[in-house]
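Numbering starts at 1 and runs along the sequence shown. Atoms considered below: every heavy atom in the structure, side chains included; atoms not considered: hydrogens, waters and symmetry mates.
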Amino acid sequence: MIFDGGSKQSNLDCFLHCTTPVVKSQFLPKNEIRNLNRLWHPWEREKVEYFTLGDLWNCYDEWSAYGAGVPIVLNNGETLVQYYVPYLSAIQIFTSHSSVHSLREETESGDGEIRDSFSDSYSDESECDKLCRWDGSSSEDGASEQDCLCHVNERLGYLYFQYFERSTPYGRVPLMDKINGLSQRFPGLMSLRSVDLSPASWMAVAWYPIYHIPMGRTIKDLSTCFLTYHTLSSSFQDMDLEDDIDSAGRKRKEGEDIALPPFGLATYKMQGNVWVSGNYGRDQDRLGSLLSVADSWLKQLRVQHHDFNYFMGIRRG
């Protein structure tokens with residue numbers, strides 16, 4: 001297969017475009033607009049759009065089953081399609097106090113915590129004592145050494161749920177399967193709306209390559225794994241992200257589907273220059289910028305993200 005030189009997108013552009021979820025938009029009933037948290041939604045609007053987490057996960061359904069196909073142009077001009085499977089790497093959901101209590105009834109039957117030897121997920125069904133575990137540590141770690149974080153609730157919200165994957169890639173299930181399992185215990189993972197979530201709510205998706213078409217040979221440049229960071233809150237919905245390759249010089253129109261391009265990115269096993277040769281070398285700077293933003297985000301939230309540390313070569317005991 002030979003590449004048509006008329007294409008304007010670099011390989012990095014194509015990856016970000018093909019792995020960006022585009023979610024169905026809904027309009028918030030007018031009688032609910034006045035109930036929004038004004039710290040998170042300070043603007044006055046006649047119409048407020050949102051998406052549900054359930055609709056967001058639906059974007060990953062086919063990708064989880066078959067992989068997301070990304071057209072890639074090799075250095076010799078040959079083109080192929082590399083497929084990547086998404087895995088839930090990390091997620092933190094912060095809501096308003098009232099939202100937490102309305103969801104408590106749905107999760108009261110469980111112990112509020114799912115843990116195994118590799119992963120740690122947690123639902124904030126208690127008061128601020130459990131909120132102190134928002135740094136990604138396990139229940140055995142020294143949460144008692146931290147001061148109660150009640151004073152940050154107003155700004156960050158209340159931690160409804162968090163999950164940090166720590167198993168090896170071969171021990172994971174695709175994102176949609178993971179979410180379906182977790183939502184049995186925490187139904188808010190399906191029912192919560194983007195307007196219910198604080199600006200501190202986020203997720204990270206790990207993308208691992210599985211195969212490429214046409215097949216027949218191993219290409220080291222295509223062994224790269226990606227970690228994409230996405231906001232889950234409507235607070236950033238109308239912000240112009242520098243790296244939003246879908247913008248194409250125009251703003252999203254009212255009622256159109258909502259794209260959630262990554263605000264941060266990390267890579268692993270980056271070899272060759274397949275991912276950095278496009279856009280006249282600017283993709284190299286772009287990768288560095290997205291990595292820096294991801295690092296800053298985790299530091300602001302004081303989160304130890306296992307996959308990020310692994311991608312960066314930071315090994316913890």
Side-chain angles (χ1 to χ4, degrees), residues 7-28 40-41 43 45 47-64 66-72 81-93 175-176 179 189-190 192-207 226-267 275 278-279 282-283 286-287 289-291 293-294 297:
S7 175
K8 296 180 181 179
Q9 285 192 325
S10 68
N11 290 330
L12 181 60
D13 286 334
C14 287
F15 175 82
L16 296 175
H17 173 79
C18 294
T19 59
T20 289
V22 181
V23 195
K24 180 179 67 175
S25 171
Q26 301 184 52
F27 286 98
L28 192 68
W40 305 343
H41 306 279
W43 51 85
R45 291 184 176 176
K47 295 181 179 180
V48 173
E49 295 180 69
Y50 71 93
F51 61 87
T52 67
L53 291 185
D55 284 340
L56 171 60
W57 308 133
N58 285 340
C59 297
Y60 291 91
D61 191 12
E62 186 171 327
W63 293 340
S64 295
Y66 307 108
V70 179
I72 294 174
V81 179
Q82 175 70 52
Y83 286 84
Y84 295 84
V85 172
Y87 297 87
L88 181 64
S89 175
I91 186 171
Q92 285 188 313
I93 296 177
L175 185 146
M176 196 66 198
I179 289 294
L189 287 174
M190 293 294 185
L192 279 168
R193 307 170 300 180
S194 58
V195 290
D196 301 323
L197 310 183
S198 92
S201 301
W202 63 284
M203 71 169 177
V205 180
W207 299 87
F226 295 88
L227 198 56
T228 58
Y229 290 79
H230 307 261
T231 180
L232 299 175
S233 170
S234 291
S235 299
F236 298 115
Q237 210 163 278
D238 295 318
M239 293 182 65
D240 293 326
L241 297 178
E242 178 184 351
D243 293 297
D244 182 358
I245 49 86
D246 285 328
S247 60
R250 72 172 185 88
K251 291 184 69 68
R252 187 184 68 88
K253 294 180 181 179
E254 187 178 89
E256 287 185 338
D257 291 346
I258 300 169
L260 298 178
F263 66 80
L265 180 74
T267 62
W275 299 108
N279 288 329
R282 289 193 296 269
D283 280 349
R286 191 180 185 189
L287 282 169
S289 175
L290 288 168
L291 175 62
V293 171
W297 177 265

Derivation and outcome, side chain to side chain contact (heavy atoms under 4.5 Å, CB included), residues Met203 and Leu232 | CA-CA 7 Å; Met203 71 169 177; Leu232 299 175; 4.0 Å; yes
Side-chain heavy-atom pair Phe15, Tyr84 within 4.5 angstrom cut-off | yes
Rounded distance (nearest 0.5 Å) linking atom OG of Ser64 with atom CG of Leu88 = 10.0 Å
What distance do Tyr50 atom OH and Ser194 atom OG have between them, rounded to the nearest 0.5 Å?
-> 8.5 Å
Which heavy atom in Leu265 sits nearest to a heavy atom in Leu12, and how many Å separate them?
-> CD2-CD1, 4.2 Å
With a 3.5 Å cut-off and no angle check, do the side chains of Thr228 and Trp207 form a donor-acceptor pair?
-> yes
Is the Tyr83-Tyr66 ring centre distance short of 6.0 angstrom?
-> no
Tightest non-hydrogen contact, residues Thr52 and Met190, listed as CB-O, 4.2 Å
How far does CD1 of Ile179 sit from CG of Leu53, to the nearest 0.5 angstrom?
-> 8.5 Å
Side-chain donor-acceptor contact under 3.5 Å, Ser25 with Asp257 | no
Tyr87 and Val85: side chain to side chain contact (heavy atoms under 4.5 Å, CB included), yes or no, with the steps?
-> CA-CA 7 Å; Tyr87 297 87; Val85 172; 3.6 Å; yes
Is there a side-chain contact between Gln9 and His17 (heavy atoms, below 4.5 Å)?
-> yes
Do Pro199 and Thr231 come within less than 4.5 Å of each other through their side chains, counting heavy atoms only?
-> no
4.5 Å side-chain heavy-atom contact, Trp63 and Pro86 | yes
Kindly assign one of parallel, tilted or perpendicular to the pair Tyr60 and Trp57, based on the angle between their ring planes and the thresholds 30° and 60°.
-> tilted
What residues, two or more places apart in sequence or in another chain, satisfy side-chain contact (heavy atoms from CB on, under 4.5 Å) together with Asn58?
-> Asp55, Met176
Would you please classify the geometry between the Trp202 ring and the Trp297 ring as parallel, tilted or perpendicular, with 30° and 60° separating the classes?
-> perpendicular
Is there a side chain to side chain contact (heavy atoms under 4.5 Å, CB included) between Val23 and Leu260 once you walk through the steps?
-> CA-CA 8 Å; Val23 195; Leu260 298 178; 4.2 Å; yes
NE2 on His230 to OG1 on Thr20, rounded to 0.5 Å = 6.5 Å
Flag side-chain contact, heavy atom, 4.5 Å: Leu175 against Val205 = yes
Stepwise, does the side chain to side chain contact (heavy atoms under 4.5 Å, CB included) test hold for Thr267 with Leu227?
-> CA-CA 6 Å; Thr267 62; Leu227 198 56; over 6 Å; no
Output for pair (Leu291 CG, Arg286 CZ), nearest 0.5 Å, gives 14.0 Å
Heavy-atom pair with the smallest gap, counting every atom of Trp275 and Asp283 | O-CB, 3.7 Å
Test item: Ser233 side-chain N/O and Leu197 main-chain N/O as donor-acceptor pair under 3.5 Å = yes
Please report the shortest heavy-atom distance between Leu290 and Phe263, naming the atom on each side.
-> CD2-O, 3.6 Å
Shortest non-hydrogen contact from Pro71 toward Gly69 | CD-O, 3.9 Å
In terms of heavy-atom contacts, Ser89 and Ala206 come closest through CB-N, 4.0 Å
